[in-house]
Amino acid sequence: MLDGDGESGLSFRALAGRLKTGPGAIYWHVANKSELLVAATDAVLADVLAADASGETPQDAIRTVALGVFDAIDAHPWIGAQLSRLASQSATLQIFERIGRQVQALGVPGAAQFDSASALLNYILGVGGQNAANARAQEPGTSRADVLGAESALWSRLDPDQYPFIRGIAGQLRDHDDRAQFLAGIDLILAGIAALR
């Protein structure tokens, strides 16, 4: 229901109808819609958060968590908004803990660990959430190639004196891969973190 209609399409009445039960049965397990969304978020991210990082370098473990969250948000766009709310704190804290342990394993000095892990977490949630919001803003059936092609064309027509950089990268926008670009950002942050050691 959440994947099809987002949060607005989820109600206890609609869920009870889908499950062929009464709303009371649902209220037995969760007190309100907010708790239901937290539980749904935790369920979708369970595999990402349970992945075993042993045997991976700290950098690879961070990439694994980052891509797992990115892919989960891509497949379930409503999660992006959920992870940015305090109501979903359990999943966000688990992601932050996984990242933080790897930052420690990288040998980052204690005073820089919070900033390093926070930069990674904010990047992961921000980019994942923004990509999900962009996808949800499009009409159903709209192709990614059409959207990026139109935006790229618009960028290439901008005033060259006011937007020389954006005009210069217009073709890269059209042809880029969101997942690869996301991972390139993770690698840039990891390179900066490496400089702290």
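Counting heavy-atom neighbours within 6.0 Å of D47 CG, excluding the residue itself, gives a total of 12 or less. Taking a 6.0 Å sphere around CZ of R101, one finds it holds 12 or fewer heavy atoms contributed by other residues, nucleotides or ligands.
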Worked check of side chain to side chain contact (heavy atoms under 4.5 Å, CB included) between L83 and I95: CA-CA 10 Å; L83 289 173; I95 295 165; 4.3 Å; yes

Given the rule in the side chain to side chain contact (heavy atoms under 4.5 Å, CB included) test, do L190 and R63 qualify, once you have shown the distances and angles that lead to the verdict? CA-CA 10 Å; L190 288 172; R63 288 183 193 100; 4.0 Å; yes

Determine whether I166 and L173 satisfy the following criterion, side chain to side chain contact (heavy atoms under 4.5 Å, CB included), listing intermediate values before the conclusion. CA-CA 9 Å; I166 293 176; L173 170 69; over 6 Å; no

Run R179 and D74 through salt bridge (charged side-chain N to carboxylate O under 4.0 Å, His left out) and show every step you take. CA-CA 10 Å; R179 198 169 190 267; D74 188 50; over 6 Å; no

Set out, in order, the CA-CA distance, both residues' side-chain angles and the distance that settles side chain to side chain contact (heavy atoms under 4.5 Å, CB included) for T92 and L121, then state yes or no. CA-CA 9 Å; T92 304; L121 177 70; 4.2 Å; yes

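Heavy-atom minimum distance, I189 versus A119: CD1-O, 4.0 Å. The two residues I186 and A66 come nearest to each other via the heavy atoms CD1-CB, 3.8 Å. Across all non-hydrogen atoms, the minimal contact from V44 to H76 is CG1-CD2, 3.3 Å. Considering every non-hydrogen atom in both I73 and G128, the closest pair reads CG2-O, 3.1 Å. Across all non-hydrogen atoms, the minimal contact from A61 to E56 is CA-OE1, 3.6 Å. When all heavy atoms of R144 and D178 are compared, the pair lying nearest together is NH2-OD1, 3.0 Å.
The CD atom of Q102 sits 13.5 Å away from the OG atom of S116 when rounded to the nearest 0.5 Å. Separating the CG atom in L67 from the CD1 atom in I62 is a distance of 12.0 Å, to the nearest 0.5 Å. Here the straight-line distance linking atom OG1 of T57 with atom CG of L106 works out to 8.0 Å at 0.5 Å rounding. Separating the CD atom in Q82 from the CG atom in L45 is a distance of 10.5 Å, to the nearest 0.5 Å. Here the straight-line distance linking atom CH2 of W155 with atom CG of L148 works out to 9.0 Å at 0.5 Å rounding. Between atom CZ of residue R157 and atom OG of residue S152 there is a gap of 9.5 Å, rounded to the nearest 0.5 Å.
Within the 4.5 Å cutoff, side-chain heavy atoms of I124 are placed close to those of I99. At a threshold of 4.5 Å between non-hydrogen side-chain atoms, the residues V127 and Q181 do not count as touching.
In terms of hydrophobic clustering, with Ile, Leu, Val, Met, Phe, Trp and Tyr side chains grouped at heavy-atom distances under 4.5 Å, V147 and L154 are assigned to different clusters.
Tested against L120 for a side chain to side chain contact (heavy atoms under 4.5 Å, CB included), the candidates V103, L125, D115, V65 yield a single pass: V103.
Annotation: ring pair (Phe, Tyr, Trp, His ring centres under 6.0 Å) contacts of F182 (sequence neighbours excluded): F70, Y123.
Annotation for L188: hydrophobic cluster partners, listed by chain and number, are none (ILVMFWY side-chain heavy atoms under 4.5 Å, direct or chained).
A distance-only check finds no donor-acceptor pair linking the side chain of Q113 to the backbone of G100 [under 3.5 Å]. Judged by distance alone, the side chain of Q94 and the main-chain N or O of S90 form a donor-acceptor pair under 3.5 Å. Side-chain N or O atoms of R174 include none that pairs as donor or acceptor with a backbone N or O of A170 at under 3.5 Å.
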